[in-house]
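Presented below is the structure to which this report refers.
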Protein chains: 2
Amino acid sequence: MTDKQRRKPGETRDKLMAAALALVGKGRHFASLGIREVTRQAGVVPTSFYRHFRSVDDLGLQLVDELGLVLRRMMREARANVLQADKLIEESVGIFVAHAQANRSFFRFMAQGLAGESRAVQEEIRSEMRFFASELANDLRRLRLMEHLSDADLDLTCDLVVRTVAFSLTDLLSISEDDDYQIAQVRKRTTRFLQLVFVGAANWNSGSA
Amino acid sequence: MTDKQRRKPGETRDKLMAAALALVGKGRHFASLGIREVTRQAGVVPTSFYRHFRSVDDLGLQLVDELGLVLRRMMREARANVLQADKLIEESVGIFVAHAQANRSFFRFMAQGLAGESRAVQEEIRSEMRFFASELANDLRRLRLMEHLSDADLDLTCDLVVRTVAFSLTDLLSISEDDDYQIAQVRKRTTRFLQLVFVGAANWNSGSA
DNA sequence: CACATTAGTGAACACTTGTACACATCAGAG
DNA sequence: CTCTGATGTGTACAAGTGTTCACTAATGTG
């Protein structure tokens with residue numbers, strides 16, 4: 001009666017996902033969310049939930065898919081904006097931080113999922129990170145950087161880079177959204193971490209391992 | 001009536017903490033634990049919980065303290081067993097993996113807490129990691145390693161080392177407890193990560209930043 | 001020994017939770 | 001048009017939740 005008309009298909013589905021994300025953004029942990037809580041936040045009756053998801057974990061899985069899109073957008077922007085090789089690290093970190101700020105809830109969900117209780121979500125996020133690392137390796141190859149490294153060693157390096165950035169994510173999420181000074185600190189520190197890694201990669205002789 | 005006699009003081013408290021840890025070890029996320037659930041697992045009546053903790057988060061805080069002890073034990077063993085400098089990394093990683101396996105629930109709790117919903121727990125764990133990094137820096141100074149680095153750069157390096165190991169923790173926890181092959185893989189990969197970092201530190205010239 | 005304190009118990013409370021069921025409305029296929 | 005399936009709503013219920021209360025047994029201190 002009140003407001004029954006069916007809008008665009010999948011609208012309620014989106015509202016539910018957005019609601020879960022909003023709760024996570026408010027500081028809640030995804031693992032502690034309940035169906036009723038999510039539907040309440042979405043302004044939908046609890047029963048509607050089952051029309052789109054079998055459980056909260058299922059919703060989580062679909063959120064990871066959307067997270068993948070966010071990450072790909074970020075990657076695209078990084079590729080388009082990083083021009084000179086000497087500022088490569090600094091600019092990439094800047095873009096990462098900017099995206100993390102713009103999609104705080106998404107990235108918080110990602111950080112939570114890494115040690116979350118749903119094995120499936122965990123594996124999906126891990127897989128996204130692997131993909132990211134392999135794309136980074138491709139880019140470095142294409143830019144003719146780190147050419148002295150074997151494929152395996154380049155993968156190793158890129159994996160470490162992605163992990164380092166991912167960890168910085170937890171730093172970023174633990175500080176206030178608009179504490180520009182601290183944000184800049186994280187950006188600087190992350191940049192130095194990556195420089196350290198790349199100096200290591202540049203001086204890596206594969207025979208040593 | 002049934003079994004009222006008071007045993008050693010703090011016994012129920014320990015049972016409650018052990019129960020929470022056991023649930024985490026079974027794959028549950030700490031943020032999703034409830035008071036009744038924990039007391040049930042501990043074999044104690046719900047009311048008893050309030051004699052020792054004000055909330056589940058409070059219990060979490062006390063758990064971090066115990067986690068600190070576990071970490072210090074690990075550090076002591078590492079200091080005692082690492083003899084030759086050339087095997088320093090490999091042996092340290094080995095000791096870390098061994099402890100992580102022996103105290104799986106504790107370390108799982110730590111990994112969860114890093115992106116957990118209790119700001120306080122998060123900050124405590126972060127503080128433990130900082131302490132760990134600073135102790136590592138002390139050790140490296142004492143061993144006359146990395147003497148060309150400024151204090152700030154040494155801190156940077158040690159911080160990155162600790163983060164890298166912490167991230168490996170999530171790898172370790174995501175694989176089966178007794179999949180020896182995969183465990184060895186994680187150990188090898190982590191070792192290489194750290195070697196990469198230290199090669200970077202060895203070739204780091206502080207003027208570049 | 002007496003006594004205040006501490007640490008345990010069970011019953012009760014007002015809510016919240018997940019899920020099932022029957023029903024209403026809409027979109028599109030025949 | 002009618003029929004069908006998808007998507008929405010309200011009601012209902014049993015089970016689980018956090019917390020309070022009054023009560024009891026053991027402990028250590030004076």
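Treat the numbers as computed from the prediction; the structure is a model and nothing was measured.
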Would D14(A) and T12(A) count as a side chain to side chain donor-acceptor pair (under 3.5 Å) here? Give the steps. CA-CA 5 Å; D14(A) 291 351; T12(A) 303; over 6 Å; no
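- With 3.5 Å as the limit, one finds no donor-acceptor pair spanning the side chains of N103(B) and S105(B).
- Regarding D58(A), its CG atom lies at a distance of 16 Å from the C1' atom of dG18(C), rounded to whole Å.
- Atom pair K15(B):NZ and dA7(C):P shows a separation of 14 Å (rounding to whole Å applied).
- Protein atom CZ of F49(A) is 16 Å distant from nucleotide atom C1' of dA20(C), rounded to whole Å.
- In this structure, of dT17(C), dT9(C), dT19(C), it is dT19(C) that holds the atom nearest to the side chain of Y50(A).
- Phosphate contact (OP1/OP2 of dA20(C), side-chain N/O of T47(A), threshold under 4.0 Å): absent.
- Distances were taken from every side-chain heavy atom of R40(A) (C-beta onward) to each of dG18(D), dT9(D), dT17(C); the shortest belongs to dT17(C).
- Atom CD of E37(A) and atom C1' of dG18(D) are 15 Å apart (whole Å).
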Steps toward side chain to side chain donor-acceptor pair (under 3.5 Å) verdict (R187(B), T191(B)): CA-CA 6 Å; R187(B) 190 166 46 215; T191(B) 303; over 6 Å; no
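- D57(A) has its CG atom 12 Å from the P atom of dG18(C), to the nearest Å.
- Counting to the nearest Å, the P atom of dA7(C) and the CZ atom of F53(B) are 12 Å from each other.
- Between dG18(D), dA7(C), dG10(D), one nucleotide has an atom nearer to the side chain of I35(B) than all others, and that is dG18(D).
- Rounded to whole angstrom, the span from the CD atom of Q41(A) across to the C1' atom of dT17(C) amounts to 17 Å.
- Rounded to a whole Å, the CZ atom of R54(B) is 12 Å from the P atom of dT20(D).
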Working note: D153(A) + S150(A), criterion side chain to side chain donor-acceptor pair (under 3.5 Å); need CA distance, chi angles, decisive distance, verdict. CA-CA 5 Å; D153(A) 288 338; S150(A) 70; 3.3 Å; yes
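- OP1 or OP2 of dA6(D) has not a single side-chain nitrogen or oxygen of R13(A) nearer than 4.0 Å.
- Residues R79(A) and D139(A) are in side-chain contact: their nearest non-hydrogen atoms beyond the backbone lie under 4.5 Å apart.
- The base of dG16(D) lies outside donor-acceptor range of the side chain of R36(B), with no N or O pair under 3.5 Å.
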